[in-house]
Structures are given as C-alpha cells and as structure tokens.
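Bear in mind the structure is a predicted one, so any value in this text is a computation, not a measurement. Note on naming: letters A, B, ... go to the chains in the order of the sequence lines (proteins, then strands), and numbering restarts at 1 for each one.
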There are 2 protein chains.
Amino acid sequence: MSNRVSFKAVQAFEAAARLSSFALAAEELFVTPSAVSHQIKFLEDQFGVQLFHRIHRAVVLTDAGRSYAEEISAAFARIEAATRDLGRVTKSDILTVHSTPSFATQWLMPRIARFSARNPDIDVRLNASKEAVDLVAGPVDVDIRYGPKNIQPAGIKTVVFPTETIVPLCSPALANGDHPIHFPEDLRHHALIHSEVCLVGWRDWMRKHRDVQLDLQRGLRFDRSFMSISAAVDGLGVCLESLLLVQRELDTGRLVAPLGLDGLKVQGYTFNVLKSSADLPKIRNFHDWLFSEMMGTDSRG
Amino acid sequence: MSNRVSFKAVQAFEAAARLSSFALAAEELFVTPSAVSHQIKFLEDQFGVQLFHRIHRAVVLTDAGRSYAEEISAAFARIEAATRDLGRVTKSDILTVHSTPSFATQWLMPRIARFSARNPDIDVRLNASKEAVDLVAGPVDVDIRYGPKNIQPAGIKTVVFPTETIVPLCSPALANGDHPIHFPEDLRHHALIHSEVCLVGWRDWMRKHRDVQLDLQRGLRFDRSFMSISAAVDGLGVCLESLLLVQRELDTGRLVAPLGLDGLKVQGYTFNVLKSSADLPKIRNFHDWLFSEMMGTDSRG
DNA sequence: GCGAATAGATGAGTTGAATTCATGTGAGGA
DNA sequence: TCCTCACATGAATTCAACTCATCTATTCGC
C-alpha cells in the first residue's frame with residue numbers, strides 16, 4: 001500500500017536529488033551522509049529501481065530518479081509552503097458575519113470586541129449591507145437579517161431574535177427643552193423621524209395611542225435605522241426605534257426614552273446559518289454569545 | 001526552517017483530516033489512536049494554531065486546519081502517485097537512440113539485444129529516420145548520422161566511426177552462376193545496384209578500376225542502403241556497400257563479396273550526443289559498447 | 001436520570017526505525 | 001604512488017515515535 005512509503009526516505013532522496021550530493025543533503029537535513037546513503041539505498045531496494053548512478057566521487061540521477069524527483073520536489077515545495085503559511089496564521093478560525101447596516105453599527109460593533117476577547121482563536125470579520133447574502137455560495141458564516149421571514153432555502157437554519165421593544169426616543173435636550181415630553185400627546189410639538197424599513201412605524205404607534213393626533217407627513221425620513229438614531233441624537237426630532245439598537249446611546253445619555261421603556265413589541269431580526277455549519281464551534285460560540293449578550297441587554301433595558 | 005517539519009506529524013494530520021477521525025487515521029497508519037493524537041498535538045503546539053476542534057466525541061477541522069489539509073492532501077496524493085509509478089518502473093534509465101534507417105536495420109537491430117543483456121537497467125528505444133534529430137529539444141540521447149559533417153551546433157559532441165570498407169556484394173547464386181564474378185571486369189555481365197545517399201558509388205569504384213567499363217545508367221537505384229542490400233540478397237544485381245552494414249548477410253551466407261573484402265575506404269557515420277549528457281552512465285555505456293562491438297566486427301571483416 | 005460506551009487527551013514507559021560510528025571501496029588529483 | 005574525497009556498509013546506539021494505562025467529556029440506551 002501507499003502508506004508503506006517512508007517519508008523520511010523520500011525526503012532524503014528529494015534533498016539529495018536537488019543538491020546532487022548525499023553530503024550536502026545530509027548537511028541540509030542535519031544528519032550524517034551515512035544516514036542519507038542508508039535511506040536512499042532503502043528506497044532503491046524497496047522499489048527495485050536505481051535512482052542514482054554512483055560515479056567517481058559524485059552521484060547522478062538516473063532517468064527514473066529524475067522523473068521521480070521532479071514530481072516529489074513540487075509536492076514537497078507545496079507542503080513546505082503550506083506549512084510556512086500555517087506558521088503565520090494566528091487564529092484557527094475565521095468567522096464572517098454579515099448583517100444589516102443598522103444592527104452592525106448599533107449592536108454588533110460596540111460588542112464584538114467582547115466576543116473576540118472571549119474567543120481569541122477566532123478571527124472575526126464583519127460585513128454589512130441591505131441585501132441578504134448567499135450563505136451557500138459565499139464565505140459568510142452568519143447572516144443577521146431583518147424583516148419578514150421569506151421562504152427559507154433548504155439547508156439554512158434560522159433562529160429568531162427575542163422580541164424587541166420599540167419606543168420613541170430623542171435627545172435629552174429635546175425631552176427636557178421648551179416642549180418637554182412626558183405624555184404621548186407632547187409629541188405633537190416635535191418633528192417625527194421615520195425609518196422606512198422598520199417593521200413598525202409611527203402609524204403603528206398611533207394605533208396604540210388613538211387619542212393622540214400626529215402629522216405623519218412631518219419629519220425626516222431615512223431608509224436605515226442607524227440614520228434615524230443619529231438624527232435623534234443630533235436633536236433633530238423623535239425617532240421610533242428598537243431598544244436593541246440604542247443601548248449604547250441610552251447608556252451614554254445621548255438618547256432618552258421620554259415615554260418609558262415599554263412600547264410596541266416586534267420580532268424582526270433573524271440569525272441565519274447553514275444547517276451544515278450550525279454545529280461548528282465558531283458558529284455555536286457566536287450564536288450562544290450573541291443570544292446571551294442580547295438577553296443581558298434585554299434584562300437591563 | 002522548513003526542514004523542521006515533522007513529516008510523520010503532517011502525515012498523521014492528513015489522514016485524520018481526510019477521515020475526520022483520529023481513530024480511523026490510526027487504523028490507516030497501523031498505529032494506535034494515541035499516536036495520532038500525540039502527533040497532531042505536536043503539530044498544533046509547534047505552530048501555535050489549533051487544527052481540530054474537539055467536540056463531543058468527534059473532531060472537526062478548524063478553518064486553518066481545513067485550508068492546510070487541502071494543500072497538503074494534494075501534495076501527498078502527488079507523492080503517493082509518483083511513488084506508485086516508481087514501483088512500476090523496472091529500468092532505471094531510458095536510452096533513446098536515433099539513427100539512419102540503414103544503420104538501424106543492418107547494424108543496430110541485430111546487435112542491440114547484446115547491449116540490453118549487458119545493461120539490464122537500461123530501457124533501449126530505437127528510432128530511425130533520414131533526418132537528423134534535435135538532441136537539445138527532444139528525448140533522443142544519441143543520434144547516429146551519416147554523411148559529411150555539417151557545422152555542429154554548440155553543445156553537441158561528435159565521435160566519428162572507424163573507417164568503413166566498401167566492396168561489391170551479391171548473392172552467392174549470382175557470384176557462382178552463369179557469369180561467375182572473379183575479377184572486376186566480370187561485373188559487366190551484371191546489373192548494378194545504386195545507393196543514392198552513399199558517400200561513395202560505382203563512379204568512385206570505377207576510378208579505382210579504370211580498365212573496367214561499366215554502364216552507370218544500368219540497374220536499380222535506391223535511396224537507402226538497406227534496400228540495395230535487400231535487392232542484392234534477392235539476386236537482383238551487385239551492390240556496392242559498406243561491410244559495416246552487411247555483417248549479418250555475410251555471416252549467414254546470403255551475400256558474398258566476390259572481389260574480396262578489401263576496397264574503397266570511407267568515413268561516413270558519426271556518433272552524436274549532447275556534451276552535457278556525454279558522461280551519463282547510460283551514454284558512456286552505449287558509446288563504449290558500440291565502438292567495441294564495431295572493432296570486433298572490423299577485426300572479423 | 002444513571003450507567004455504559006465511545007472518542008479523544010495525556011503522561012510515563014518502551015521500542016525499533018533511523019541514525020551514528022567505524023571502516024571499506026574506488027576514482028581522481030598532487 | 002599515495003592521499004583525499006564521496007559514498008557504501010554493517011554493527012552499535014539512540015531518541016523520536018509509539019504503546020499502555022489512565023483520565024475526561026459526551027452521547028446513547030435503558
């Protein structure tokens with residue numbers, strides 16, 4: 001069988017063939033010329049083919065030896081190159097996470113360092129875009145999507161996020177300014193900030209507060225939540241956003257929830273991975289970390 | 001350095017990666033699972049990169065391990081294929097000899113078995129054609145050429161053959177038939193066979209025998225000596241050929257030299273090899289054998 | 001839930017494949 | 001002619017790689 005190949009012997013032969021000398025090969029391999037001689041004799045005896053001509057005080061490859069050497073030299077070079085590369089790698093796994101821009105900016109970015117610290121062997125890469133990615137085709141391991149669950153392609157495992165709470169948010173200056181906000185109707189005095197892709201908007205909020213009449217035409221409109229949040233931080237109005245995305249702003253006091261932290265409930269985000277890779281340690285670790293981190297956040301919020 | 005790679009360890013890793021199991025890899029390598037575990041741990045420690053995830057009761061490649069495994073698997077497959085091929089090779093050297101068709105047919109063919117018998121490790125291949133071959137470009141080791149020495153390309157070593165003797169030859173039936181041939185003038189009664197590429201022809205012979213008038217227009221014409229010889233054997237006339245090419249026919253009595261074995265002297269054949277390969281054992285052996293064989297032949301002729 | 005079974009990890013002890021050492025051979029150069 | 005160099009070869013030695021014994025963690029069957 002092929003596993004009867006002595007790689008030691010092949011290695012010795014490769015060096016000797018390349019250097020056309022047993023002595024130089026021995027030097028390269030940090031052994032004595034005798035060892036090289038033994039190994040090559042062993043190879044020749046095993047296959048019954050002479051690989052070197054021993055002439056005067058040198059060795060010359062036979063045709064069989066030359067063609068064999070050409071083949072294995074290339075293979076050895078490849079192994080050595082791969083091994084050299086391996087030495088340069090410091091992380092054993094690469095975790096590529098794709099998500100919507102808002103989730104990436106508002107939730108993942110502030111927290112991902114914590115994941116990396118707990119998983120030093122995982123090299124995390126974050127991508128963000130509006131479009132869902134093809135997990136089968138691409139190098140992306142995890143896709144965090146927002147919106148109604150479409151028909152899932154076979155082979156994709158989808159885990160829904162915990163229900164989010166959507167509340168009006170604004171800068172503290174706005175909430176405590178000339179027109180302080182204490183009750184829903186106080187919003188009449190302020191500009192509304194609309195997030196167009198959000199599953200729930202001011203229209204849904206008004207269904208819960210039928211006594212308050214707000215002009216839905218008013219205000220800024222953004223197609224990304226993180227822009228609405230940024231506008232709210234800048235005091236441009238009141239946005240209606242998920243607490244999931246504004247933890248950082250609430251913690252640092254850049255935003256406040258003038259009407260409290262209770263509000264509309266919605267389930268929008270999903271965690272998507274290939275079924276076949278769902279059990280990989282890097283995926284499990286990320287999944288478990290993400291959901292436990294989110295639970296912690298929720299309990300605080 | 002790269003030679004600090006333990007190929008044993010890489011081999012163990014390759015098998016384990018391919019089989020996704022230390023136990024199966026151990027079985028394949030005829031060792032215990034413990035040995036595989038040790039080797040892979042050694043590799044991981046040496047490069048500081050985890051190659052496998054140890055989960056529940058199985059092992060799964062890390063990303064680093066997978067990319068490494070892909071590289072080395074290909075290299076290992078190549079080594080094993082080359083080694084398998086090596087096992088099928090029985091001769092360590094291939095000697096490719098090209099010559100003119102006549103020398104191949106008349107001299108080499110009958111004798112080459114003797115060379116092979118004395119050099120069982122050399123696989124001899126004979127090619128014959130009128131054209132000189134490009135020793136630099138092609139797989140041909142030796143080219144035996146006929147004719148005036150052209151300007152030699154650099155890097156070609158040319159050895160001239162011993163001087164040949166050219167004499168009239170015919171079948172015994174013709175020599176002892178109705179018009180027996182004992183003296184040059186007896187040839188008048190017979191058809192002459194002409195070899196067009198020969199360096200000497202009947203015209204040259206007549207210069208040596210000015211008293212004999214022969215009609216040079218008569219007779220068969222061939223562009224290869226072996227055809228002329230074959231025609232003479234068939235009793236179609238008298239050819240003028242080198243003793244070098246008719247040893248076999250003289251020995252078996254199919255041809256006779258009615259006017260004796262002395263005649264025109266000519267030096268036509270050359271032995272051509274690459275200077276760079278002239279000292280290869282297979283070339284030296286062939287060269288030495290060929291010239292010693294020719295000397296033996298000459299001393300007999 | 002509990003124990004049995006499985007797959008691998010680990011450290012100590014053992015072994016034999018590979019190495020060194022001592023010596024031999026033969027060709028080439030001083 | 002002798003010396004030197006490069007490799008060959010057989011016996012002795014060694015240490016890298018293996019086995020063994022034991023341990024851990026997880027799964028599976030009951």
Side-chain angles (χ1 to χ4, degrees), chain A residues 1 3-46 48-62 65 69 92 121 278-281 284-285 288, chain B residues 3-46 48-62 65 92 121 278-281 284-285 288:
Chain A
M1 266 294 136
N3 49 18
R4 292 292 83 203
V5 184
S6 163
F7 279 88
K8 275 256 163 57
V10 177
Q11 188 173 213
F13 169 71
E14 192 274 336
R18 181 160 33 79
L19 301 166
S20 288
S21 159
F22 288 10
L24 292 178
E27 203 176 304
E28 181 174 296
L29 299 170
F30 301 117
V31 295
T32 57
S34 176
V36 175
S37 175
H38 277 294
Q39 287 300 327
I40 289 170
K41 181 176 159 50
F42 173 76
L43 254 193
E44 289 181 329
D45 288 352
Q46 183 175 27
V49 182
Q50 212 184 338
L51 297 169
F52 281 102
H53 290 295
R54 278 75 166 182
I55 50 174
H56 52 85
R57 50 195 204 181
V59 285
V60 179
L61 282 167
T62 62
S92 55
D121 276 350
D279 284 329
L280 285 179
R284 284 193 81 104
N285 284 354
D288 293 350
Chain B
N3 48 19
R4 293 291 82 203
V5 184
S6 162
F7 279 86
K8 276 258 162 57
V10 178
Q11 189 174 213
F13 168 71
E14 191 274 337
R18 181 160 34 78
L19 300 166
S20 288
S21 160
F22 288 10
L24 292 178
E27 202 175 304
E28 181 174 295
L29 299 169
F30 301 118
V31 295
T32 57
S34 178
V36 175
S37 174
H38 277 296
Q39 287 300 328
I40 288 170
K41 180 177 160 51
F42 173 76
L43 253 194
E44 289 181 330
D45 289 351
Q46 183 176 26
V49 181
Q50 211 183 338
L51 297 169
F52 281 103
H53 290 294
R54 278 74 166 180
I55 49 173
H56 51 85
R57 54 195 202 178
V59 286
V60 179
L61 283 168
T62 62
S92 54
D121 276 350
D279 284 328
L280 285 179
R284 286 191 79 103
N285 285 353
D288 294 352

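For the pair A/Ser92 (side chain) and B/Thr62 (backbone), a donor-acceptor distance under 3.5 Å is absent.
The line from CG of A/Leu43 to CD of A/Gln50 is 13.0 Å long, rounded to the nearest 0.5 Å. Taking NE2 of B/His53 as the reference point, atom CG of A/Asp121 lies at 8.5 Å (rounded to 0.5 Å). Expressed to the nearest 0.5 Å, how far CZ of A/Phe13 lies from CZ of A/Phe7 amounts to 14.5 Å. Between the CG atom of A/Asp45 and the CD1 atom of A/Ile40 there is a distance of 12.0 Å, given to the nearest 0.5 Å. The CD atom of B/Glu28 lies 7.5 Å from the CD atom of B/Glu14; values are rounded to the nearest 0.5 Å. The distance from atom CZ of A/Phe22 to atom NZ of A/Lys41, rounded to the nearest 0.5 Å, is 11.5 Å.
Using a 4.5 Å heavy-atom threshold, the side chains of B/Gln39 and B/Ser6 count as touching.
C/dG8 atom P lies 15 Å from atom CG of B/Leu51, rounded to whole Å. Counting to the nearest Å, the C1' atom of C/dG8 and the CD atom of B/Glu27 are 15 Å from each other.
Scanning both residues, A/Ala16 and A/Val36, for their nearest heavy atoms gives CB-CG1, 4.4 Å.
Using a 4.0 Å cut-off on heavy atoms, none of the residues of residues 17-25 of chain A approach DNA chain C. Near DNA chain D, defined here as any heavy-atom distance below 4.0 Å, the residues from residues 32-40 of chain A are A/Ser34, A/Ser37, A/His38, listed numerically.
On the nucleic acid side, DNA chain D contacts chain B at distances under 4.0 Å to non-hydrogen atoms, with the end points of that region at D/dA17 to D/dC28.
Between B/Val59 and A/Lys8, the residue whose closest nucleotide on DNA chain C is further toward the 5' end is B/Val59.
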Report task. Determine, stepwise, if the pair B/Leu61 / B/Phe52 fulfils side-chain contact (heavy atoms from CB on, under 4.5 Å). Result -> CA-CA 4 Å; B/Leu61 283 168; B/Phe52 281 103; 3.5 Å; yes

